[in-house]
Amino acid sequence: MKQHIIELLGQAAAKIGADLGHTEIILDRPKSSEHGDFASNLAMQLAKPLRQNPRAIAENLVKNLPDSDFIQKVEIAGAGFINFFLSNIAKTAIVKAIQSKGEQFGRHNVGEGQKVQVEFVSANPTGPLHVGHGRGAAVGDCLCRLLEATGWDVTREFYYNDAGQQIDNLTLSVQLRCKGIGPDNPAWPEDGYRGDYINDVANAYMARLTIDAEDQHIVGKGDPNNTEAIRHFAVAYLRREQDADLKAFQVHFDVYSLESALYTHGKVEETVQDLVTSGHTYEQDDALWLRTTTFGDDKDRVMRKSEGGYTYFVPDVAYHKDKWQRGFKRVINEQGADHHSTITRVRAGLQALDIGIPQDWPEYVLHQMVTVMRGGEEVKISKRAGSYVTLRDLIEEVGCDATRFFLAARKADSQLVFDIDIAKAQTNDNPVYYIQYAHARICSVLNQWDGDINILKDADLTPLNTAHEAALMQRLAEYPEIVKIAAVELTPHTIANYLKDCASDLHSYYNDSKFLVDDEPTKLARLALITATRQVLRNGLGLLGLSAPEKM
RNA sequence: CUGCCCGUAGCUCAAUCGGAUAGAGCACCAGCCUUCUAAGCUGGGGGUUACAGGUUCGAUUCCUGUCGGGCAGGCCA
């Protein structure tokens with residue numbers, strides 16, 4: 001429909017001799033229904049090149065607009081907006097489109113089947129997942145669903161930092177616990193992990209329990225002096241816990257990459273060699289440096305420390321080089337904003353490899369911090385005490401759907417306040433239930449109707465002529481655009497906002513009009529409309545990974 | 001001190017990539033269930049979009065500066 005009107009405008013512009021040149025014809029959906037179903041600012045855009053009053057141009061354009069069955073009337077308003085009012089045929093066409101496309105309605109093929117890899121969560125296996133990881137999981141998973149819905153071939157990847165200093169700390173912490181030494185003991189190291197879960201790991205290890213992970217079975221050796229055994233056991237244990245949480249959160253991954261594998265497969269060493277060969281490195285103070293300032297960093301970075309080990313940044317570059325070599329021309333990293341400083345460094349390292357990686361590869365989506373509120377007070381996170389709100393707590397306390405919704409329904413680059421009391425509330429404070437309730441209501445009406453849902457596809461839709469019906473149909477018509485915008489801008493929260501609006505239109509309609517009326521044509525038309533609405537709600541909830549319950 | 005993100009109603013957040021009178025929910029006030037789910041609906045009050053400039057037909061949106069909040073800034077990850 002939008003395209004149709006754009007064509008009409010284009011023909012009109014040609015008739016009045018306007019050279020569109022670079023100006024693209026833009027159609028907006030006005031906020032107010034007084035301004036029609038579509039509005040164009042074309043006259044304003046042409047005012048300068050034509051050196052005429054925008055209103056005069058608008059009148060001229062309207063005069064030369066070809067006739068169309070889909071347009072009821074055209075008005076000129078304000079500074080020179082051209083407002084289009086659709087005919088009944090055009091408005092109801094969306095219901096037919098939804099009926100025929102079903103689950104496919106709203107999907108696009110802008111990705112054209114190209115590969116994209118999305119890396120998200122990537123928590124270190126040193127403790128349980130917390131709210132921040134939850135936000136990453138929710139946003140990342142919704143991004144994947146959006147990309148899939150727009151024609152991309154998505155690979156979901158999780159990167160485990162299972163090497164390096166923090167794993168040494170973890171191993172030591174577990175080992176001390178195995179020997180009966182706790183955080184209260186003066187011998188406890190400053191940067192040891194203090195959480196109670198460390199004790200759980202130690203007990204499991206000493207009890208010689210078996211960890212069944214994705215592809216490995218690790219048995220606790222029960223020997224507190226076997227550091228390597230403790231290391232493997234602890235990592236496997238915590239990975240298993242994280243995997244269980246993610247599963248409960250309806251998030252799955254296609255590929256798990258391990259930092260340790262980059263070392264054992266020689267990828268780290270290879271990357272260092274490549275960088276040295278490329279000529280962007282130098283030695284100073286017994287360390288090996290990469291001249292990242294050449295690529296926009298504010299200072300050069302150490303690759304190999306004077307004591308011989310590599311800094312974390314080298315495996316990071318090696319890992320991303322590996323992603324590139326696996327053929328991902330597009331990679332999106334979803335991370336916490338506290339890691340934003342790595343962006344410049346990783347990209348600089350990849351540029352220095354000189355293997356044709358674009359400057360802005362990979363893309364990043366950063367999410368800001370989450371503050372958790374309970375009982376009107378902030379729940380403080382204490383890393384020292386090892387106490388924080390875990391994702392598992394949230395899922396158990398407020399449920400998977402509500403947790404996902406609250407974490408994904410807000411712009412990622414704003415800090416968010418997660419109020420447990422509101423998320424838990426099974427009341428109208430809670431937007432998740434508001435949306436799901438709209439879906440359940442429709443299901444309920446359809447259940448009470450004794451007809452066959454398939455005959456609604458042939459329903460005559462001309463009885464749909466009330467303001468509520470027009471508003472709802474317009475809302476449904478927006479859905480495909482919203483999906484496209486959310487996918488291109490990588491903003492899942494756009495979908496959440498849309499669903500709230502759509503549910504609101506449905507609830508208003510429900511309260512205003514009875515659907516199961518005696519007049520058969522009216523009844524069928526209305527049922528066709530709410531069935532289409534149900535489909536859109538379902539599709540949208542699916543993009544957010546939320547359930548669409550038939551009863552509530 | 002430097003870099004990145006944010007600043008919108010009392011609170012939590014929107015605003016379709018520069019559009020028309022800045023919108024919802026919560027809270028507050030007043031109404032709507034013998035009728036398809038009241039987890040709902042209708043109406044009301046509540047704003048100098050942090051502040052000051054600039055760009056233009058038009059700015060919450062873009063640019064500059066100031067203030068405020070968050071996060072980073074190690075041969076840690």
Side-chain angles (χ1 to χ4, degrees), chain A residues 26 28-32 34-35 39 41 44-45 47-48 53-54 77-81 83 124 126 161 163-167 169 191 259 284-289 298-299 301-313 315-316 336-344 366-369 371 373 406 409-419 422 425-434 436-438 440-449 478 481-482 484-486 488-489 491 493-494 496-498 500-501 503-504 506-517 530 551-552:
Chain A
I26 296 171
D28 280 326
R29 294 186 182 272
K31 289 175 191 162
S32 162
E34 291 169 35
H35 298 132
N41 60 354
M44 277 108 101
Q45 290 179 306
K48 207 164 217 180
N53 180 327
F81 288 99
N83 295 334
N124 291 338
T126 55
N161 281 107
Q165 187 64 41
Q166 80 280 358
I167 296 297
N169 290 340
D191 44 8
E259 183 185 10
Q284 187 180 309
D285 302 330
D286 296 327
L288 180 66
W289 296 69
D298 51 4
K299 56 179 108 164
R301 304 291 166 178
V302 168
M303 293 168 57
R304 190 176 59 230
K305 298 179 267 186
S306 52
E307 45 89 347
Y310 294 115
T311 57
Y312 74 96
F313 140 82
D316 269 5
D338 52 343
H339 290 101
H340 74 264
S341 57
T342 65
I343 298 176
T344 314
L366 301 180
H367 65 261
Q368 296 287 333
M369 309 236 77
T371 307
M373 303 285 287
F406 272 79
R410 284 181 185 142
K411 227 175 0 187
D413 55 10
S414 292
Q415 292 166 245
L416 87 73
V417 176
F418 191 108
D419 190 321
I422 291 180
Q426 306 232 335
T427 68
N428 50 3
D429 296 7
N430 196 325
V432 193
Y433 295 106
Y434 183 80
Q436 293 180 327
Y437 183 47
R441 267 186 153 174
I442 296 169
C443 292
S444 176
V445 172
L446 291 171
N447 281 337
Q448 282 169 61
W449 173 57
E478 287 173 26
E481 293 170 51
I482 296 288
K484 193 186 252 176
I485 290 167
V488 170
E489 305 286 318
T491 54
H493 77 279
T494 311
N497 290 327
Y498 171 84
K500 277 193 267 186
D501 291 339
S504 172
L506 186 277
H507 287 310
S508 293
Y509 181 36
Y510 182 97
N511 278 274
D512 178 76
S513 320
K514 183 157 173 145
F515 307 144
L516 296 172
V517 292
I530 64 166
K551 276 184 191 167
M552 287 179 73

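Residue numbers begin at 1 in each chain, while the letters A, B, ... track the order of the sequences.
For the pair A:Y434 and B:C41, the criterion of a side-chain N or O lying under 4.0 Å from OP1 or OP2 is met.
Within the nucleic acid shown, A:E489 comes within 4.0 Å of at least one base atom, counting heavy atoms only. Within the nucleic acid shown, A:H493 comes within 4.0 Å of sugar-phosphate atoms alone, with no base atom in reach, counting heavy atoms only. When heavy atoms are screened at a 4.0 angstrom cut-off, A:A486 is found touching no nucleic acid atom at all. Across all strands, A:S513 comes closer than 4.0 Å to base atoms (heavy-atom distances). Among the atoms of the strands shown, base atoms are found under 4.0 Å from some heavy atom of A:D285. When heavy atoms are screened at a 4.0 angstrom cut-off, A:R29 is found touching base atoms of the nucleic acid. Nucleic acid contact for A:N53: none, since no nucleic acid atom lies under 4.0 Å from a heavy atom of the residue. Residue A:Y510 is in base contact, counting any heavy-atom pair closer than 4.0 Å across all strands shown.
Remark: ring of A:F81 not stacked against base of B:G19; the cut-offs of centroid gap under 5.5 Å and plane tilt under 30° are not jointly satisfied. An aromatic stack links A:H35 and the base of B:A20, using centre distance under 5.5 Å and interplanar angle under 30°.
Of the two residues near RNA chain B, A:Y312 and A:G78, the one whose nearest nucleotide lies more 5' is A:G78.
Each of A:Q368, A:R410, A:H367 was compared with A:L416 under the side-chain contact (heavy atoms from CB on, under 4.5 Å) criterion, and only A:R410 meets it.
For RNA chain B, if you chain together Watson-Crick or G-U pairs that step i with j, i+1 with j-1 and so on, the runs of at least three with distances under 3.5 Å are B:1-7 with B:67-73, B:10-13 with B:23-26, B:28-32 with B:40-44, B:50-54 with B:62-66.
Smallest separation of non-hydrogen atoms from A:I530 and A:L506: CG2-CD2, 4.2 Å.
Scanning for salt bridge (charged side-chain N to carboxylate O under 4.0 Å, His left out) contacts around A:R441 gives an empty result, with sequence neighbours left out.
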